[in-house]
Amino acid sequence: MDLTIGVIGFGQRGRLALEAHRPGDGSRVVAVCDPSERSRAEAREAFPEALVTASLDELLGSGVDAVMVFTPDDQHAAVAIPALEAGIAVFCEKPMAISIDDCDRMLAVAHRTGSRLYVGHNMRHMPVVSLMRRLIREGRIGEVKAVWCRHFVGHGGDYYFKDWHADRSKSVGLLLQKGAHDIDVIHWLAGGYSTRVQAIGSLSVYGDIADRRDRSGERMRDWFSLDNWPPTAAEGLNPVVDVEDISQVNMVLGNGVLASYQQCHFTPDYWRNYTVIGTEGRIENLGDESGAEVRLWNRRHQGAAPADETFIVPEGEGGHGGADAILVAEFLSFVRGGGVTETSPVAARNAVAAGIVATASIRGDGGALPVPPLDPELVAYFDAGQPQRESV
């Protein structure tokens, strides 16, 4: 019998729900909730047989097995927690929430109720990341001691400065909203979580642009164009623009690994470059899509040298190099049978925590700040795969 899926929020990222709609093949979307008439109309077109409503209570009362939360970030906790309280499994898009307290509340409710919680960090399934993690786990560079990431966010002006993302009251900042992906990958490749972070950043370009307007009812695909260049000529920015467009973070992980993350939203190119340095070599990706290269150096050289080995990032079908389809398949399998998954609610929370504390460092004096740890009881529960309790 198919799992029945409800979708909460059918905007830009809500299209991921199409990966879960496989009638007769294990799962089907039977309900969609969104306050926007445009989104509801698009949902009726995508899922003609589904209940489409503006009422969260109506969706949660419809008997669905699981929900997928694709609302704006500041609403994640507000809709995920009632779903968990109702005994419904939850897929929550990243970042998990925009406060550490909300993340911890979500984890505590999932633990108390036994409702399964999954956070959509799809980059753990991206072929480039999977390849780099495999090389690390095989011991090809020895013990990891440092991870560096440069993220050239060439679409930043269109993706993040023309809607709610640009307003810190709704996103905190892009070290959280955008950086949660990369911070999670850094933690995963390094095998630890940030315990102390220090950051600097500024609103260097988009804050000086006076062309602003309310884009309520619009979507990013309505205004996105590669012709929107240079960044200083951007038009129609969000009325509120108070998040940084360039940031640099240093991280000390609990296992002693040192990491750094740089994010810039006005570059001409759009990709990530990870460098992982171990006691016996290093790896680095050149490109992050199918066909890109991961290069490995594990011999001593006189100076700059070609890689000792080069690995091609494999092809993947669908969004994010095939990661989206794998992500949804893992979630559906988890709803059915539970168990440990490649993604991790604990890791998702710790990525949020590191991003929030780093943002506080930027907006303070740039000093190093501690990242608050998660309750060890919750860590143990989620790391064990959220085991179901025996009824008494």
Side-chain angles (χ1 to χ4, degrees), residues 5-17 20 29 31-43 51-62 64 66-86 88-110 113 115-122 159-181 214-220 238-240 242-243 331 343 345 348-349 351-353 355-356 359:
I5 309 297
V7 178
I8 305 174
F10 196 64
Q12 188 69 30
R13 190 62 176 153
R15 293 285 163 174
L16 186 60
V29 173
V32 179
C33 172
D34 197 294
S36 161
E37 178 54 44
R38 173 179 175 176
S39 294
R40 293 197 300 274
E42 292 176 351
L51 164 71
V52 178
T53 178
S55 168
L56 178 63
D57 289 341
E58 185 176 9
L59 182 142
L60 296 180
S62 67
V64 293
V67 296
M68 304 181 78
V69 176
F70 300 114
T71 64
D73 300 348
D74 63 328
Q75 300 170 32
H76 284 180
V79 298
I81 287 175
L84 293 166
E85 292 281 13
I88 300 169
V90 170
F91 175 110
C92 183
E93 177 63 343
K94 58 72 34 197
M96 187 174 178
I98 66 166
S99 78
I100 299 172
D101 285 346
D102 275 350
C103 288
D104 292 355
R105 287 174 55 227
M106 290 169 65
L107 293 170
V109 170
T113 62
S115 302
R116 289 182 169 137
L117 174 62
Y118 185 97
V119 184
H121 274 278
N122 59 339
Y159 279 4
Y160 302 110
F161 286 88
K162 295 183 178 180
D163 64 7
W164 58 267
H165 295 87
D167 183 345
R168 67 174 64 178
S169 72
K170 294 180 172 61
S171 65
V172 175
L174 297 174
L175 274 182
L176 170 60
Q177 207 291 327
K178 184 63 170 171
H181 264 319
D214 183 359
R215 292 184 178 271
S216 299
E218 294 183 63
R219 302 274 178 73
M220 187 270 292
N238 194 59
V240 176
D242 61 0
V243 298
F331 167 65
T343 64
R349 181 268 186 195
V352 167
I356 286 174
T359 302

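These numbers come from the heavy atoms of this one structure, side chains and all, not from hydrogens, waters or symmetry mates. Remember, predicted model here, so these are calculated numbers, not experimental data.
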Task: Closest approach of His165 to Ser171 (non-hydrogen atoms, all atoms of both residues) - done: O-OG, 2.8 Å

- [ ] Mark yes or no for whether Asp242, through its side chain, and Arg168, through its backbone, hold a donor-acceptor pair below 3.5 Å.
- [x] yes

Task: Residue of the set Ile98, Val352, Val243, Asp167 for which side-chain contact (heavy atoms from CB on, under 4.5 Å) holds with Val172 - done: Ile98

Open item on the list: One pair to check against side-chain hydrogen bond (donor to acceptor under 3.5 Å, both in side chains): Arg219 and Ser39. What are the steps and the verdict?
Closed with: CA-CA 10 Å; Arg219 302 274 178 73; Ser39 294; 2.5 Å; yes

Open item on the list: Between Lys170 and Asp73 (salt bridge meaning N to carboxylate O under 4.0 Å), is one present in this structure?
Closed with: no

Task: Spacing of Phe10 atom CZ and Ser36 atom OG [to the nearest 0.5 Å] - done: 11.0 Å

Open item on the list: Rounded to the nearest 0.5 Å, what separates atom OG1 in Thr71 from atom NE2 in His76?
Closed with: 4.0 Å

Open item on the list: Could you go through Met68 and Ile5, starting from their C-alpha distance and side-chain angles, then the distance that decides it, and tell me whether this counts as side chain to side chain contact (heavy atoms under 4.5 Å, CB included)?
Closed with: CA-CA 7 Å; Met68 304 181 78; Ile5 309 297; 3.8 Å; yes

Task: Non-hydrogen atoms of Leu117 and Met106 that approach each other most closely - done: CD2-O, 4.2 Å

TODO: Kindly give the heavy-atom pair with the smallest separation between Ile88 and Ala66, and that separation in Å.
DONE: CG2-CA, 3.6 Å

Open item on the list: Please report the interatomic distance OG(Ser169) to CG(Asp74), rounded to the nearest 0.5 Å.
Closed with: 7.5 Å

Open item on the list: My understanding is that only residues two or more places apart in sequence, or in another chain, count here; which of them pass side chain to side chain donor-acceptor pair (under 3.5 Å) with Arg40?
Closed with: Glu37

Open item on the list: Using 0.5 Å steps for rounding, measure from the CD1 atom of Ile81 to the SG atom of Cys92.
Closed with: 10.0 Å

Task: Shortest non-hydrogen contact between Arg116 and Leu84, atoms and distance - done: O-CD2, 3.9 Å

Task: Pairing of Glu42 and Arg15 as salt bridge, 4.0 angstrom limit - done: yes

- [ ] Could you tell me which residues satisfy side chain to side chain donor-acceptor pair (under 3.5 Å) with Lys178, sequence neighbours excluded, listed by chain and number?
- [x] Tyr160, Tyr270

TODO: Using the test side chain to side chain donor-acceptor pair (under 3.5 Å), find all partners of Asp214 that sit at least two apart in sequence or belong to another chain.
DONE: Ser216

TODO: Could you pull out all residues at least two apart from Glu93 that satisfy side chain to side chain donor-acceptor pair (under 3.5 Å)?
DONE: Arg13

Task: Closest non-hydrogen atom pair between Asp102 and Ala97, with its separation - done: CB-CB, 3.7 Å

TODO: State, to 0.1 Å, how close Asp34 and Gly11 come at their nearest heavy-atom pair, and which atoms those are.
DONE: OD2-N, 4.2 Å

Task: From Leu16 atom CG to Phe70 atom CZ, the distance as rounded to the nearest 0.5 Å - done: 4.5 Å

TODO: Side-chain contact test, heavy atoms from C-beta onward, threshold under 4.5 Å: evaluate it for Pro345 versus Leu107 and give yes or no.
DONE: yes

Open item on the list: Just to verify, what does Tyr118 make a ring-ring contact (aromatic ring centres under 6.0 Å, His included) with, not counting sequence neighbours?
Closed with: Phe91, Phe331

Open item on the list: Does Thr53 form a side chain to side chain contact (heavy atoms under 4.5 Å, CB included) with Glu58? I'd like the steps, not just the answer.
Closed with: CA-CA 7 Å; Thr53 178; Glu58 185 176 9; 2.6 Å; yes

Task: Derivation and outcome, side chain to side chain contact (heavy atoms under 4.5 Å, CB included), residues Lys94 and Gln177 - done: CA-CA 8 Å; Lys94 58 72 34 197; Gln177 207 291 327; 4.1 Å; yes

Open item on the list: Tell me whether His121 contacts the main-chain N or O of Ala348 through its side chain, where contact means a donor paired with an acceptor under 3.5 Å.
Closed with: no

- [ ] Under the side chain to side chain contact (heavy atoms under 4.5 Å, CB included) rule, collect the residues that match up with Pro82, sequence neighbours excluded.
- [x] Leu60

Open item on the list: Using side-chain heavy atoms (C-beta onward) and a distance below 4.5 Å, is Leu56 in contact with Ile8?
Closed with: yes

TODO: Would you give the length of the straight line joining atom CE of Met220 to atom CD of Gln12, rounded to the nearest 0.5 angstrom?
DONE: 4.0 Å

- [ ] Go through the steps for Val119 and Thr343 under the test side chain to side chain contact (heavy atoms under 4.5 Å, CB included), then give the verdict.
- [x] CA-CA 7 Å; Val119 184; Thr343 64; 6.0 Å; no

